Each structure stands twice: as structure tokens, then as C-alpha cells.
Amino acid sequence: MDLRKLTFLKYLQIFKRQVYMDHNATTEVSNQVRKKINNTLKSSYGNPSSVYALARKSTEVIDKARKQVAKAINSDPQEIYFTSCATESNNSILKSVSKCFFPTKKKIISTPIEHSSVISTLDFLKTQGIKVEFCPVDHYGRILLKNLESLIDEETFLICCMAANNEIGTIQDIKKITDIAKKYGVLVMSDCVQAIGKIPIDVHDWGLDYASFSAHKLYGPKGCGVTFIKQGSQFVPFIHGGHQENGMRAGTESIHNIAGFGEACKDINKLLKYSGKIEHLKCELVERIKRIKPDCIINSADSGSLPNTISITFPNINNTGLLAMLDFHGIAVSSGSACSSTQDNPSHVLKAIGLTDQSARETIRFSLGHSNSINDIKYTVKIIKKFIENGTNGIDMITPSQLNETYLNDKQLYIVDVRPGIMRKAVKSLPNSHEVSFMSLEKYIHHFPKDKQILVVCQRGHLSFIAAYYLKSKGFSRVCSLNSGVCGWMRQRNDLYQRFGGQNINVLQPVGKIERN
Ligand code: PLP
């Protein structure tokens with residue numbers, strides 16, 4: 001196939017094979033759940049707060065789902081409160097329990113590897129007078145129990161520790177944590193979002209007072225979470241309004257999503273059984289990667305980590321290029337948490353387990369799920385191998401620190417900015433850059449000089465790499481991509497960003513003649 005004859009979209013479509021290995025970010029909705037949601041939307045649209053038969057039907061749907069979720073985590077249905085997502089559940093537990101205890105007691109102990117929905121809420125609570133202390137973790141992210149016990153004092157009212165980590169998969173020994181907490185009369189909450197459906201959960205046996213869950217991590221819908229509150233535990237409503245959820249969480253219920261969450265939990269044992277197969281695939285992936293990159297570092301523990309999750313550091317390989325290459329070939333993986341993927345900072349989880357900034361930027365998380373097969377593993381490893389051997393295949397990667405004043409003013413440099421308008425508003429463009437549309441790149445190509453160096457930039461260095469690849473195939477011999485994108489430049493060369501950002505921008509017009517093939 002002659003790549004030079006292809007339009008940009010066609011070029012992207014050659015690599016149509018899709019491999020999804022980012023199940024910790026979210027999962028696809030299973031057929032069974034989708035059917036349940038559709039049926040609920042069709043037949044149970046009554047507002048459960050109304051009094052007639054149609055409304056009662058909706059109440060029945062919610063009650064059934066409540067029982068299904070309760071069974072999956074071995075709680076009582078009355079201890080289950082539906083929310084809009086686990087972020088809401090984490091916010092509400094932390095803020096509500098703090099309200100119950102403050103100012104008599106002031107301290108929450110947590111871990112440095114919690115999800116951003118916990119870390120950011122704790123940051124907010126600090127501004128309200130709550131004292132937050134983080135218990136150290138070992139190099140696999142396991143909480144150091146001795147340190148935990150020594151941190152507890154008479155001011156402590158809550159320990160907040162996730163059951164399983166989203167980036168490295170570490171499973172915490174929650175039972176041991178609650179045993180320690182109970183000795184001192186301290187309550188325990190656990191973010192169980194990544195644990196449900198992957199490892200067995202028994203909130204009562206674990207001794208938890210509060211826990212959070214999310215439907216979209218176990219093949220359920222997005223927009224539905226659960227707060228578990230042990231019967232009799234203190235809690236003040238976080239969202240005020242109607243009497244829904246027994247007065248604990250106001251707002252008309254998202255009946256179809258709740259039904260979907262229940263349906264996803266119905267087959268929890270099947271999900272758990274399937275974990276063995278997923279773990280086997282994960283081991284295959286690790287073994288094959290070790291063969292092509294013997295110096296790779298595995299950040300997830302062999303035992304005591306989620307069966308589907310593996311975090312791997314590839315020394316001397318910046319993950320931006322590798323992620324872009326994988327994306328280019330239809331493989332979806334990530335460098336860390338989905339919630340922080342638009343930020344440019346190295347992962348706080350990887351830093352907490354001792355990785356340097358550089359190692360964190362050389363790390364990729366693979367999180368497997370039901371859609372994966374051994375062929376996906378082979379294909380992914382093949383692409384990684386190609387990247388290790390050929391690097392960026394003739395595409396130079398420019399680092400933000402290389403983009404100094406001289407470089408930016410070089411008349412031999414032609415900057416192409418492929419970001420959508422909304423991102424250009426958020427972060428100013430490089431000076432002298434030329435704005436084009438990524439999705440119809442071929443319509444702009446006639447503007448680009450063949451005798452200059454083309455620097456393609458985007459927000460974080462992902463799209464620009466793909467676009468640079470395309471330009472190379474179109475005969476542009478000196479193409480480079482800005483690693484970490486405009487965000488990286490803003491961060492690392494803020495002096496230049498402040499002085500020159502957004503200056504002399506050229507908005508290119510698409511050229512009428514479009515190549516057809
Ligand atoms: N906690 C953990 C560990 C997560 O991985 C996530 C989502 O990635 C959340 C909380 C937030 O869940 P939600 O998307 O339902 O707000």
C-alpha cells in the first residue's frame with residue numbers, strides 16, 4: 001500500500017485494530033447490562049417519589065438493584081446509598097464524617113497513593129481545619145502498618161485507605177487496618193472502586209464503616225456510584241433536597257443506571273472466576289515484555305495486586321512517544337490514572353512508591369479485562385518491540401527545554417499546531433505557529449514548506465506524534481514532534497511562555513483540493 005496516497009483519516013483507519021487495555025479507567029458496558037438499562041429506560045420511567053403504580057415500579061427497580069449491590073459486597077441493602085459516581089461517594093464520606101467529628105477530633109490518616117477524588121477532598125478539608133497525615137507505603141504501595149498505628153492519636157477520627165490501587169494494582173490488607181483502627185476507636189473508610197469485580201469484597205468481614213464503589217469499573221454504566229455506610233455510623237447528608245435514598249442523598253434517582261449497576265453486580269461470582277484467565281494474560285504480557293526489554297521494572301507486586309493490573313517502567317523510553325505509537329496502532333493503554341491524564345505532572349502514586357520523575361515518565365499501566373485475548377498481548381508486544389528497536393521511526397522528539405528563544409525564532413522552523421480550538425483557549429500557542437485541524441490534516445499540507453523543519457505540536461505530545469508520522473509519509477523529510485506538548489513547554493519554559501505565548505499566530509485555511517484515494 002502506498003501510504004503517500006492516503007488522506008489523513010484513511011491513514012488512521014489502516015490501523016483499525018482495536019485493543020483496549022485500560023479497564024481501570026473504565027470498562028465497556030456488558031450486553032446484559034445494556035439490555036437492562038434499555039428496558040428500564042423504556043418501562044420504568046416513573047419518578048420513584050410519585051405515588052402511582054408506574055412510580056412504584058421504579059422504586060421496585062431501585063430496591064432490586066440495592067439488594068444486588070449489597071449481595072456483591074456482603075452488606076445489608078439498607079447500608080447502600082446510590083450516588084452519581086464514586087467521586088461523589090468519596091467526597092461525601094470524607095466531608096460528612098469530618099463534619100460529624102470536627103472540631104472535637106481533627107485528624108484523618110490516609111495514604112499517599114489514593115485516587116485524586118480522595119487526595120483533592122483531603123486538600124480541601126485541610127483548608128477547613130482538618131489535619132491530614134499520610135502513612136508511608138513500601139515500594140509496592142503497601143501501607144506500613146506499624147507506621148499507621150504510631151500515627152493514630154486522640155485527635156484521629158478516620159483512616160482512609162483504598163482497597164486496591166488504580167495505577168499499580170496494590171491490594172491493601174483492609175482487615176488488618178480496621179483491626180488496628182478499632183483498638184483506638186477510629187473509623188475506617190475504603191475506596192473500593194478498583195476492587196469490586198476483581199477480588200472478593202466483604203465489607204462486614206473487613207470491618208469497614210464506609211466504602212465507595214463505581215458501576216463503570218465492572219462493566220456497568222458511567223454516572224452511578226454507591227456509598228456504603230455501616231448501619232449506625234455517623235453521616236450527615238451531603239446533597240440536600242428531596243427525601244431520596246432515605247434522606248441521605250437528595251436528587252431524583254438515575255433509575256436506569258442504578259438498574260445497570262445492580263445487573264453488573266448480579267454476576268459478580270462469574271466476574272471473579274474470570275479473573276484467573278485475565279491474570280494469566282497479564283503474566284503472558286509481562287513475560288513477553290521482559291523478553292524484549294530485559295531492563296524493564298515491574299512496579300506491581302507479584303502477589304497481593306489486582307489480577308488485571310500491571311505497571312511497567314521502560315528505562316530510557318519516554319512514555320509519551322510509546323503511548324502515541326500504541327494509540328496510533330489502535331492500542332489503548334495509559335500512563336496512569338485517567339483522572340490526571342490531562343495534567344502533565346508525574347504520577348503521585350509512582351512517586352510515592354519511590355520512582356523518580358523520570359522513571360514515572362517512563363511508565364505505562366496496562367489494565368486488562370474481558371475483551372482481551374492472547375492475540376492482543378502478542379500484537380501489543382510486537383508494537384512495543386518495534387518502538388524499542390526503531391524508536392520514533394525518523395520523527396525527532398523535541399523536548400520543551402530545547403524550545404529556547406533561538407529555536408523559536410529560527411526562520412528554518414515551521415510550527416504546526418494541531419490542537420482543537422478549546423485547547424488553544426486553555427493554553428496559549430507557541431509563537432509563530434500555524435493552526436490547522438488535526439482531523440483533516442491533508443487539506444493543509446499544501447501550505448507546509450518541504451525545505452524547512454516542521455515542528456508539530458499539540459496539547460500533550462500525543463496527537464502531534466501521529467500527525468508527524470503522517471507528514472513523514474507524505475514526503476516531509478524533517479519532521480519533529482514536541483514531547484509533552486504545549487503544556488510541557490508552558491510548565492518547563494514558563495518564562496518564554498509568558499513572554500511569547502500566543503504571539504503571531506497564523507490560522508491556515510484548508511486548501512480546496514482534497515486528495516482522494
Ligand atoms: N477511586 C478510584 C480508585 C478510581 O480508580 C476512580 C476512577 O478512576 C474513582 C475513585 C472515581 O470513580 P468515578 O469515575 O465513579 O467518579
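We count ligands from 1, going down the list as the structure has it; atoms in each ligand are counted the same way. It should be emphasised that the depicted structure is a prediction, and the values quoted were computed from it without experimental measurement. Index from 1, following the sequence.
The shell of residues lying under 4.0 angstrom from ligand 1, judged by heavy atoms, includes Ser117. Ligand 1 lies within reach of Lys217, whose nearest heavy atom is under 4.0 Å from it. The shortest separation from a heavy atom of His216 to ligand 1 is under 4.0 Å, placing the residue in contact.
The pair Asp123-Lys126 meets the salt-bridge criterion, with a side-chain N (NZ, NE, NH1 or NH2) lying under 4.0 Å from an Asp/Glu carboxylate O. With salt bridges taken as basic N to acidic carboxylate O contacts below 4.0 Å, one links Glu263 and Lys266. Salt bridge annotation for Lys230-Asp76: absent, with no cationic side-chain nitrogen under 4.0 angstrom from a carboxylate oxygen. Salt-bridge annotation for Arg56 and Asp63: absent, with no side-chain N of the basic residue lying under 4.0 Å from a carboxylate O of the acidic one.
For ligand 1, the atoms lying closer than 4.0 Å to a non-hydrogen atom of Ser214 are 13 (P), 15 (O). Short contacts between ligand 1 and Val193, defined as distances under 4.0 Å to a heavy atom of the residue, involve ligand atoms 1 (N), 2 (C), 4 (C), 6 (C), 10 (C). Close approach of ligand 1 to Cys85 (heavy-atom distance below 4.0 Å) involves ligand atoms 13 (P), 15 (O), 16 (O). For ligand 1, the atoms closer than 4.0 angstrom to any heavy atom of Gln194 are 3 (C), 4 (C), 5 (O).
Distances between N or O atoms of Asp191 and those of ligand 1 include at least one value under 3.5 Å.
The main-chain N or O of Val427 is found under 3.5 Å from a side-chain atom of Arg419 such that the two form a donor-acceptor pair. Under the 3.5 Å distance criterion, the side-chain polar atoms of Lys71 are left unmatched by any main-chain donor or acceptor of Ile268. No donor-acceptor distance shorter than 3.5 angstrom exists from the side chain of Asp267 to the backbone of Lys270, with no hydrogens or angles considered.
Closest heavy-atom approach to atom 6 (C) of ligand 1 within the set Glu167, Met162, Lys222, His115: this belongs to His115.
Residue Asn166 touches ligand 1 through its side chain alone, judged by heavy-atom distances below 4.0 Å.
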